[in-house]
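Convention: sequence-line order gives letters A, B, ...; per-chain numbering from 1. Remember, it's a predicted structure, so these values are computed and weren't measured experimentally.
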Amino acid sequence: QQQVRQSSQSLTVWEGETAILNCSYENSAFDYFPWYQQFPGEGPALLIAIRSVSDKKEDGRFTIFFNKREKNLSLHIKDSQPGDSATYFCAGRGSALGRLHFGAGTQLIVIP
Amino acid sequence: GGIITQTPKFLIGQEGQKLTLKCQQNFNHDTMYWYRQDSGKGLRLIYYSITENDLQKGDLSEGYDASREKKSSFSLTVTSAQKNEMAVFLCASSIVQQSSYEQYFGPGTRLTVL
């Protein structure tokens with residue numbers, strides 16, 4: 001059973017728009033939710049992360065909105081740039097020693 | 001900073017062949033992971049090792065063996081390559097702390113089975 005789900009396999013936006021990538025999870029015990037960014041030919045790299053005690057985490061143009069009651073979260077990319085075109089993975093973790101469970105990824109395409 | 005090195009970058013094998021992928025990290029991280037990445041399926045955990053001499057099965061361990069030779073290296077063996085195993089294999093490492101749990105990934109090994 002997929003523990004973390006990403007609702008869109010792909011998303012296309014115009015340069016300057018806000019891209020919204022959605023994610024939901026099954027396990028109420030998950031307490032840490034990172035988003036990873038992957039460019040073609042490279043491994044994923046941590047972009048931004050949130051702990052379940054917070055409902056929002058912002059880092060520059062990237063913001064995570066977290067809803068613990070609904071068990072979902074979203075990544076907002078403000079003022080999207082062509083260089084943001086990549087695949088974004090949402091993940092969840094159940095404990096300090098627990099492994100990460102990854103979603104299937106959303107491929108973002110930003111059109112200039 | 002540190003780096004994760006995966007060898008080889010590309011691996012071409014024959015169906016039924018035993019194939020080994022290697023991973024080295026110089027972060028001095030305790031925990032290392034092997035993931036398989038298929039298009040549209042995200043990252044699926046094959047094996048991980050919390051510390052040297054430890055080995056834990058992930059969700060996709062059948063058909064694979066792993067070995068944590070020392071703290072800095074973790075290898076993965078495909079015991080009998082199958083045609084449907086064309087995928088990218090990603091190695092990662094992490095240090096586990098209450099406030100930080102970043103996994104650092106290598107660039108991947110791309111496996112093609114003929």
Side-chain angles (χ1 to χ4, degrees), chain A residues 1-11 21-27 29-54 57 59 64 86-108, chain B residues 1-7 9-10 21 23-25 27 29-51 54-61 66 87-110:
Chain A
Q1 184 187 2
Q2 191 87 15
Q3 299 239 26
V4 176
R5 295 181 195 275
Q6 293 183 246
S7 56
S8 301
Q9 196 166 5
S10 67
L11 175 67
L21 290 72
N22 295 307
C23 178
S24 62
Y25 63 98
E26 297 289 324
N27 193 332
F30 283 178
D31 66 351
Y32 172 79
F33 300 88
W35 284 85
Y36 280 78
Q37 180 188 55
Q38 184 182 31
F39 295 106
E42 298 180 10
L46 180 66
L47 179 65
I48 186 172
I50 192 166
R51 299 185 67 83
S52 60
V53 294
S54 302
K57 176 75 176 291
D59 184 357
I64 300 174
T87 299
Y88 293 80
F89 293 98
C90 173
R93 185 200 75 184
S95 69
L97 291 178
R99 34 79 55 98
L100 288 175
H101 296 263
F102 284 87
T106 296
Q107 184 181 15
L108 174 67
Chain B
I3 192 168
I4 293 182
T5 304
Q6 291 189 238
T7 54
K9 190 170 175 64
F10 299 95
L21 293 68
C23 177
Q24 296 264 358
Q25 54 97 0
F27 288 101
H29 286 165
D30 291 308
T31 306
M32 296 185 74
Y33 310 81
W34 275 108
Y35 291 92
R36 174 183 161 133
Q37 183 173 22
D38 295 274
S39 177
K41 290 188 179 177
L43 279 64
R44 292 183 288 173
L45 184 64
I46 305 172
Y47 270 99
Y48 64 110
S49 170
I50 295 173
T51 187
D54 175 74
L55 204 57
Q56 307 279 341
K57 290 185 178 181
D59 302 321
L60 205 66
S61 60
V88 176
F89 291 84
L90 292 164
C91 176
S93 71
S94 72
I95 184 167
V96 179
Q97 298 173 341
Q98 283 295 332
S99 60
S100 171
Y101 189 80
E102 180 170 0
Q103 287 189 20
Y104 294 83
F105 284 83
T109 292
R110 282 146 185 81

| In terms of side-chain geometry, is the basic nitrogen of A:D59 or A:K57 positioned less than 4.0 Å from the acidic oxygen of its partner? | no

| query | So which of A:F89, A:Y88, A:F102 actually passes ring pair (Phe, Tyr, Trp, His ring centres under 6.0 Å) with A:Y36? | reply | A:F102

| Any side-chain donor paired with an acceptor under 3.5 Å for B:Q103 and B:Y48? | no

| Who wins among A:G41, A:P34, A:G105 for the most heavy-atom pairs under 4.5 Å with chain B? | A:G41

| query | Quick one: what part of B:Q37 sits under 4.5 Å from any heavy atom of chain A, side chain, backbone, both or neither? | reply | side chain

| query | Measuring heavy-atom distances to chain A, does B:R110 have an atom under 4.5 Å in its side chain, in its backbone, in both, or in neither? | reply | side chain

| query | By side-chain contact (heavy atoms from CB on, under 4.5 Å), which residues pair with A:S54, not counting sequence neighbours? | reply | A:I50

| message | B:A66: which residues meet the side-chain contact (heavy atoms from CB on, under 4.5 Å) condition with it, sequence neighbours left out? | response | B:Y47, B:L55, B:F74, B:L76

Which atoms of [X] are under 4.5 Å from chain B, going by heavy atoms: the side chain, the backbone, both sets, or neither?
X     : answer
A:P44 : both
A:E42 : backbone
A:Q38 : side chain

| query | Counting heavy-atom pairs under 4.5 Å to chain A, which of B:G108, B:C91, B:G58, B:G42 comes out on top? | reply | B:G42

| Once the angle between the rings of B:F27 and B:H29 is folded into 0 to 90°, is it parallel (under 30°), tilted (30 to 60°) or perpendicular (over 60°)? | parallel

